[in-house]
Structure formats: structure tokens, C-alpha cells
Engineer: 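Here you go, one structure.
Order of the sequence lines sets the chain letters (A, B, ...), proteins ahead of strands, with each chain counted from 1.
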Number of protein chains: 2
Amino acid sequence: MNQLIGKYTEELLKENQENFIVPAENVATVLYNHPLEHALLVLSKVGYAKIPVLDSEDRLVGLISLANIVNKMMGLTGFEYQLLEGLTVADVMEVNVPKVKQTEELEDILHLLVDASFLPVVNEDNVFEGIMTRKEILKSVNHLVHELDRRFVIEPKTVLKK
Amino acid sequence: MNQLIGKYTEELLKENQENFIVPAENVATVLYNHPLEHALLVLSKVGYAKIPVLDSEDRLVGLISLANIVNKMMGLTGFEYQLLEGLTVADVMEVNVPKVKQTEELEDILHLLVDASFLPVVNEDNVFEGIMTRKEILKSVNHLVHELDRRFVIEPKTVLKK
């Protein structure tokens, strides 16, 4: 693909870059071997529909959502909380989820965030470092679209055929 | 506030405008007087953490999330599905939620979507017409940042003090 983000556009988007990543210490997470009841409690409290799942050494192993858990409560005759008994986060979490490194190209981040409401950020050892969210990227977009015309002269190159 | 989106920037963002609104017929909704068990079933199936609540004449009255319902299941000794018995959507839904008209300024949409993952769209009679989502706006942003440099010459106005 020969589409690249222009120099000035990228510079403007990155002026908010220090806020792109919500650091791990500010993100609610659960361990893969936690009981599902615990994950349900955490998810019902944090205000996020989906959170990262880690192992005991802080490595990212998946994501878990309220819907993942509620679906597991569905029995033959309706919802039964008892169906969660004995189950752990690993039994319902989503694995093989998209994730990025801190060095990820803005280009790729913008594309991945079309389909994911947030992206887990890991280091080279897969240790969880935080998340990049649509919310933070949209703050940068607001900054971009306002500053573009304030700081730059923008003129059409030629009349392009559609 | 004297910040406006420039003409060309706005034009590029709006080239995807026909997709900005996910029309009502493609959005899962519940009625305010539906039993909470029904809303739980819908929310666990649709893959959205939060959906619009309508009245019998398709007017928007609120939003309901999985977390709203799960929180209501929390008893003194843990979660109890039975606590939902006899309750309706109206008992837990969020009211006074941000909403927009189809004619809303892009400026305002971009700002509102920083704090809301989607915005219900209503007509002048408050009849629900669809939703605007961060996902669709991000598609437009991808389009904007790639087309800007392809179609326009962008030059700094002057050296601005930071």
C-alpha cells in the first residue's frame, strides 16, 4: 500500500503522543486463573466492557468482556449465575487479540483502532505496558483538525479526477 | 471558542459522511418497559456493551449497558440473577445521555465522541434514527490523513512560538 501519512499531519497527531498510552497501573486487569466471579465483579465496577488478562508475570494472554462471562451464564432455561462456579478467566477469555508495541507506526495504530476500541501495548517480552484507546486518538484528531488550518497553508495540488 | 475545522479538512472528513450514521434498523435496541432479563439476553448477543432504549413510538429515552444490569444483580453475598426479577429496563437505564441531530456540526460530533463511544441520532421529535460511532469516524480520519498530502500542498504559515 502506497498511502502514507504526511509529515506535518503526523507531527500534529503526535503532539499529544505522551497521552496515547494509558499506562498499565491505570488499567484494570485480571489474571487468567482468577475465578470468573471475580472477573465479573471487576468488570461490573470499572466502567470498561473489556479488560486485559495477564499471567502472574504481567504478560498479556488475552482479553475478557462482560459479554464473554454473561454468555457463559446462559443455561437451557435462562441465566444461571451458578454456571460460573469452578470456571476461571481462561475458560472464556479471547486469545490471539491484536496488540502493539510502543514503537508501532501511527499508520498501523489508526487502522487497528477501526476494529478494536483499544489496543493492548506490550514490550518485546509480551509484558503488558498499557493500552492505546480510540478516546485518546480522537483527542489527537481534534487537535489535528483544528491546528492544521491555524498553522499551515493548505492548497489543492491540481484538479483530481474522482 | 475560535477554533474551526478548515474547509478542505472538513471536506475530506465528510467524503465518508454517508457512512457516519449506522441506521436505526441496523442497531439493536430495547424498550424501556422490557424485562431486564430480556435486555441482558439482547446485550449478551449483540456484541455492543451499550445500546439505545426506546419507547413504543421509537423515541429515545436512554441507554442501557451490560454493566448497568450486572450491577443490579449484585446482592449482599454475591451476584444473584433473581434480583432482576420484576425489574424493567427503565429501572437501570442511563438517562440524559448526549445525543445529536443529523445536521450536527462535525466539530461538535468530534468533541462529543471523545467521551462517548457512540452518539444516538434523533430527529426533531426525538425519534431514534441511528447512531454515530467512533469506529466510523476513525474510518474518516484514516481517509483524511492519507488524502491530505496526496491532494494538497501543505506549508507552514510562519514559525510559531510554542
Engineer: Report yes or no: do V42(B) and M93(B) belong to one cluster of Ile/Leu/Val/Met/Phe/Trp/Tyr joined by side chain heavy-atom distances under 4.5 Å?
Structural biologist: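 Per the 4.5 Å side-chain linkage, V42(B) and M93(B) are co-clustered.
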Engineer: Can you tell me if CZ on F20(B) sees more than 12 non-hydrogen neighbours from other groups inside 6.0 Å?
Structural biologist: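 Yes, the 6.0 Å shell around CZ holds more than 12 heavy atoms from other groups.
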Engineer: Quick one: pull up NE2 in H146(B) and OG1 in T9(A) and give me the separation to the nearest 0.5 Å.
Structural biologist: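 Atom-to-atom, H146(B):NE2 and T9(A):OG1 are 10.0 Å apart.
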Engineer: Would you mind checking which part of K50(B) comes under 4.5 Å of any heavy atom in chain A, side chain (CB onward), backbone (N, CA, C, O), both or neither?
Structural biologist: neither
Engineer: On a heavy-atom basis, which atom in V70(B) and which in S44(A) lie closest, and how many Å separate them?
Structural biologist: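 Closest approach of V70(B) to S44(A): CG1-CB, 3.6 Å.
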Engineer: Heavy-atom distance under 4.5 Å to chain B: side chain of I69(A), backbone, both or neither?
Structural biologist: neither
Engineer: Please identify, among L41(A), N68(A), L43(A), the residue contributing the most non-hydrogen atom pairs under 4.5 Å to chain B.
Structural biologist: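 Of L41(A), N68(A), L43(A), L41(A) has the most heavy-atom pairs under 4.5 Å with chain B.
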Engineer: Tell me whether K72(A) at atom NZ has more than 12 heavy atoms from other residues, nucleotides or ligands lying less than 6.0 Å away.
Structural biologist: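 For K72(A), atom NZ is not crowded (no more than 12 foreign heavy atoms under 6.0 Å).
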Engineer: Would you kindly confirm whether V97(B) and V27(B) end up in one hydrophobic cluster when ILVMFWY residues are joined by side chain heavy atoms under 4.5 Å apart?
Structural biologist: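 Looking at the clustering, V27(B) is in the same group as V97(B).
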Engineer: Does one hydrophobic cluster hold both M74(B) and L40(A), with members joined at side-chain heavy-atom distances below 4.5 Å?
Structural biologist: yes
Engineer: Which residues, numbered in order, of residues 79-90 of chain B come under 4.5 angstrom of chain A by heavy-atom distance?
Structural biologist: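 Answer by number: F79(B), Y81(B).
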Engineer: Can you tell me which of L110(B), I137(B), V46(B) forms the most heavy-atom pairs within a distance under 4.5 Å of chain A?
Structural biologist: L110(B)
Engineer: Tell me, for L148(B) versus chain A, whether the close heavy atoms (under 4.5 Å) come from the side chain, the backbone, both or neither.
Structural biologist: side chain
Engineer: Identify the heavy atoms of Y8(A) and I154(B) that sit nearest to each other, and give their distance.
Structural biologist: CE1-O, 3.4 Å
Engineer: Side chain, backbone, both or neither: which part of E10(A) has a heavy atom under 4.5 Å from chain B?
Structural biologist: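 E10(A) has no heavy atom closer than 4.5 Å to chain B.
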Engineer: Can you establish whether the number of heavy atoms outside E94(A) located under 6.0 Å from its atom CD is more than 12?
Structural biologist: yes
Engineer: Any non-hydrogen side-chain atom of N71(A) less than 4.5 Å from a side-chain atom of K45(B)?
Structural biologist: yes
Engineer: Where is the tightest heavy-atom contact between K157(A) and D149(B), given as atom of each residue plus distance?
Structural biologist: NZ-O, 2.6 Å
Engineer: Quick one: does V145(A)'s side chain get under 4.5 Å of L106(B)'s, heavy atoms only?
Structural biologist: no
Engineer: Linking I/L/V/M/F/W/Y whenever their side-chain heavy atoms sit closer than 4.5 Å, directly or via other members, would L66(B) and V30(B) fall into one cluster?
Structural biologist: yes
Engineer: Same cluster for I21(A) and Y48(A) if Ile/Leu/Val/Met/Phe/Trp/Tyr side chains link at under 4.5 Å?
Structural biologist: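 No, it is not one cluster - the side chains of I21(A) and Y48(A) are not joined through contacts under 4.5 Å.
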Engineer: So what's closer than 4.5 Å to chain B heavy atoms on D115(A): side chain, backbone, both or neither?
Structural biologist: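 It is both, since atoms from each part get that close.
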Engineer: Using 0.5 Å steps for rounding, measure from the CG atom of L138(B) to the CG atom of L112(A).
Structural biologist: 11.5 Å
Engineer: Show, in sequence, the C-alpha distance, side-chain angles and deciding distance for L144(B) and L144(A), and conclude whether the side-chain contact (heavy atoms from CB on, under 4.5 Å) test is met.
Structural biologist: CA-CA 11 Å; L144(B) 165 71; L144(A) 165 72; 4.3 Å; yes
Engineer: Is any side-chain heavy atom of N142(B) closer than 4.5 Å to one of V114(A)?
Structural biologist: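 Counting from C-beta outward, V114(A) and N142(B) do come under 4.5 Å.
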